[in-house]
Structure formats: C-alpha cells, structure tokens
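Worksheet: the structure to be examined is printed underneath.
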Amino acid sequence: MAGSSRRPRVLPRTFYDRDTLTVTAGLIGKVLVHRTPQGVAAGAIVETEAYIGESDPACHAAPGPTRRNEPLYGPPGVAYVYFNYGMHHLVNAVTEGRGHPAAVLIRALEPLEGLDLMGRRRAAGGAVPRTAALCRGPGNLTKALGISLSQNRLRLTAPPLSIEDWGLPAPGVVWGPRVGIRVGTDRPWRCWVPGHPCVSGRRGYTNLSHHTNEARLGPG
DNA sequence: CGTTCGATGCACT
DNA sequence: GTGCATCGAACGT
C-alpha cells in the first residue's frame, strides 16, 4: 500500500491561497498540531466556518482594516488568533489574503495526540472533560492546544503551529448556517462532519443533517 | 428536554 | 461605553 509510507505532510501555503469555501471544506480531516515545550497536542479538524471579505458582516474585516484584523489582509496560510468574551481565544486560518481579507475559523477537533496534555490544560482545577469534549468548540480547542495571542500571525506551514495531512480518509461533510453570530446568519458557511461526537453544539447526533433543515452537501 | 444568564478583557467608536 | 465568531452552570418545562 502506497499509503503505508506516507509521512505527515504540512499543508503548503498554496492550499490556503484558494477560494475560501474550498479551503473551509478542505480543512476537514486535516490535523491541527501545536508543538510546545510541554509536548505535542494534535487533533483532526471536524468543524469549520468561513468568514469572507469586508462584505460579510460577521467577518472581522467588515469595518475595513484595523489593528486587530490586520492578519486577514496579509498572506494566506497564517494563523489569525483573537481573544473574545474576555476569556476565549479563537484560531483561524487566513485564506486568499493579500487585499482580500478572509479566513476559516476552526471550531472543533477530534483529539489524536497529546490527550493527557489536553486534559491538563482543560481541567485547570476542575474535572477533566471526556475525550470527545476536549476540543469541542473553538474556545475549548485553543485551550486544549495551548493556543493564545502568542500564536497570532504564526505561519501554519511550519512548526510549532501547523496544519498537516496525516493521510486520514476524507470524511463526508455538510453545510449549514454559521453559529454564535448575530449578523450574517443567512450564509451557510459552516462545514462539519455530520454526527461526529466532537462537533460543537448540542450532543454529537443533534448535528445530523436531517435535524438541520438548512444543511446541504454544498454551501449553496 | 429546553432556555437564560453571568463571567471576563479588550478592540473599536 | 458597547459588543462580542463562547462556555457551562443554573434554571424552567
């Protein structure tokens, strides 16, 4: 089998330098990896959302260039991390870029490596979440992987923070409205693996497409 | 099962 | 001063 010798391959910048919805779906099944002195933490991406351009009212680029959203205007393949609600860090992969500000929010991972480390980071005095919940939700996955503003603007095409192809089978995906936003909710730019227990939202199987009328096989 | 609501810090107007 | 690309506990049905 040719695949048996396949080594993890870091996605090149050209992967991100494409239509954002293509990247949004393409990232499903790829692996987000953070290598730190504490150890390696990695998980397969199972849920993403696209934020595209100044005309998208939910995109941070909507007000035009500001100090915070500057990475969106830079080259693709870079991490855009920001701090929200006074306690959560959210990580995006910049796409297109170069004057066309857009990014893919990474919303959930299936934990693959460094589960103990993730559990320690998530517990923080409390109980350790079960495995499926370690990286469920954009705020939870950054905590589990140790991603904060220190990782803002890092290239995703090289360690310590990278997105890689580990040769996992490409899962089927569905599309639906983005969640957690108050504007731009009409755009079906959320992409996820239907029924996957690590997808955010009320329990894994409430995310089956037949429960979400707007869900489709394509973003429209 | 469902919905509401407080925590908490910072970018932006 | 306002409003968050959230989370989880605390409630109501």
Side-chain angles (χ1 to χ4, degrees), chain A residues 16 20-21 23-25 27-28 32 43 45-74 78-97 101-109 111 118-119 121-153 156 175-192 197-208 211-212 214 219:
Chain A
Y16 303 93
T20 297
L21 293 179
V23 180
T24 301
L27 283 174
I28 301 291
L32 179 63
I45 298 169
V46 296
E47 181 185 358
T48 53
E49 278 179 358
Y51 290 86
I52 309 176
E54 296 179 350
S55 62
D56 174 3
C59 182
H60 281 186
T66 65
R67 176 134 136 240
R68 179 175 71 160
N69 67 27
E70 187 181 5
L72 296 177
Y73 290 84
V78 167
Y80 170 50
V81 183
Y82 72 96
F83 186 57
N84 205 11
Y85 290 107
M87 59 195 81
H88 299 296
H89 298 278
L90 278 65
V91 62
N92 299 251
V94 173
T95 60
E96 306 182 47
V104 177
L105 171 69
I106 300 174
R107 289 192 56 89
L109 309 175
M118 291 181 186
R121 285 169 170 157
R122 285 295 312 281
V128 178
R130 74 175 198 272
T131 299
L134 280 175
C135 300
R136 182 192 291 154
N140 287 335
L141 76 89
T142 54
K143 189 171 182 182
L145 266 60
I147 295 172
S148 68
L149 287 177
S150 300
Q151 281 68 46
N152 191 27
R153 301 169 185 262
L156 291 168
W175 295 84
R178 296 174 295 183
V179 298
I181 52 176
R182 306 185 66 125
V183 290
T185 53
D186 54 308
R187 289 160 209 227
W189 290 349
R190 176 179 180 232
C191 183
W192 71 95
C198 299
V199 170
S200 71
R202 297 302 174 206
R203 311 295 299 167
Y205 291 94
T206 63
N207 284 286
L208 285 168
H211 284 152
T212 347
E214 296 88 345

Practice item. Identify the nucleotide, in any strand shown, that forms a Watson-Crick or G-U wobble pair with C/dT6, with both distances under 3.5 Å; if there is none, say none. Key: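 WC or wobble partner is B/dA7.
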Whole Å only: how far is the [atom1] atom of [X] from the [atom2] atom of [N]?
X	N	atom1	atom2	result
A/Ile52	C/dA5	CD1	P	16 Å
A/Leu72	C/dA5	CG	C1'	12 Å
A/Arg107	C/dA5	CZ	C1'	7 Å
A/Tyr82	C/dT6	OH	P	6 Å
A/Asn140	C/dA5	CG	P	17 Å
A/Arg136	C/dT6	CZ	C1'	15 Å
A/Glu49	C/dT6	CD	C1'	12 Å

Exercise for review: Report the distance from atom CZ of A/Arg190 to atom OG of A/Ser200, rounding to the nearest 0.5 Å.
Suggested key: 5.0 Å
Check your understanding: Atom OG1 in A/Thr24, atom CH2 in A/Trp189: separation rounded to 0.5 Å?
Key ->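 Rounded to the nearest 0.5 Å, the OG1-CH2 separation comes out at 9.0 Å.
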Practice item. For A/Asn92, answer base if it contacts any base atom (sugar-phosphate contacts may also be present), sugar-phosphate if it contacts only those atoms, and nothing otherwise; contact means non-hydrogen atoms under 4.0 Å. Key: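 Base contact.
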Check your understanding: What is the minimum heavy-atom distance between A/Leu156 and A/Tyr16, and which atoms define it?
Key ->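 Looking at all heavy atoms of both residues, the shortest contact is CB-OH, 4.0 Å.
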Study note, to complete from the structure: Heavy-atom closest pair (A/Gly137 atom, A/Ala108 atom, distance to 0.1 Å) is N-CB, 4.1 Å
Check your understanding: Does the A/Glu96 side chain pair with the main chain of A/Thr20, one donor and one acceptor, at a distance under 3.5 Å?
Key ->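 Answer holds: yes.
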Study note, to complete from the structure: Scoring nucleotides 6-13 of chain B by protein non-hydrogen atoms under 4.0 Å (B base, S sugar-phosphate only, - none) yields -BBBSSSS
Study note, to complete from the structure: Of A/His60 and A/Arg122, the one whose closest nucleotide on DNA chain C sits nearer the 5' end is A/His60
Check your understanding: Are any of the side-chain heavy atoms of A/Leu72 and A/Tyr51 separated by less than 4.5 Å?
Key ->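 A side-chain contact is absent here, since even the closest heavy-atom pair is not under 4.5 Å.
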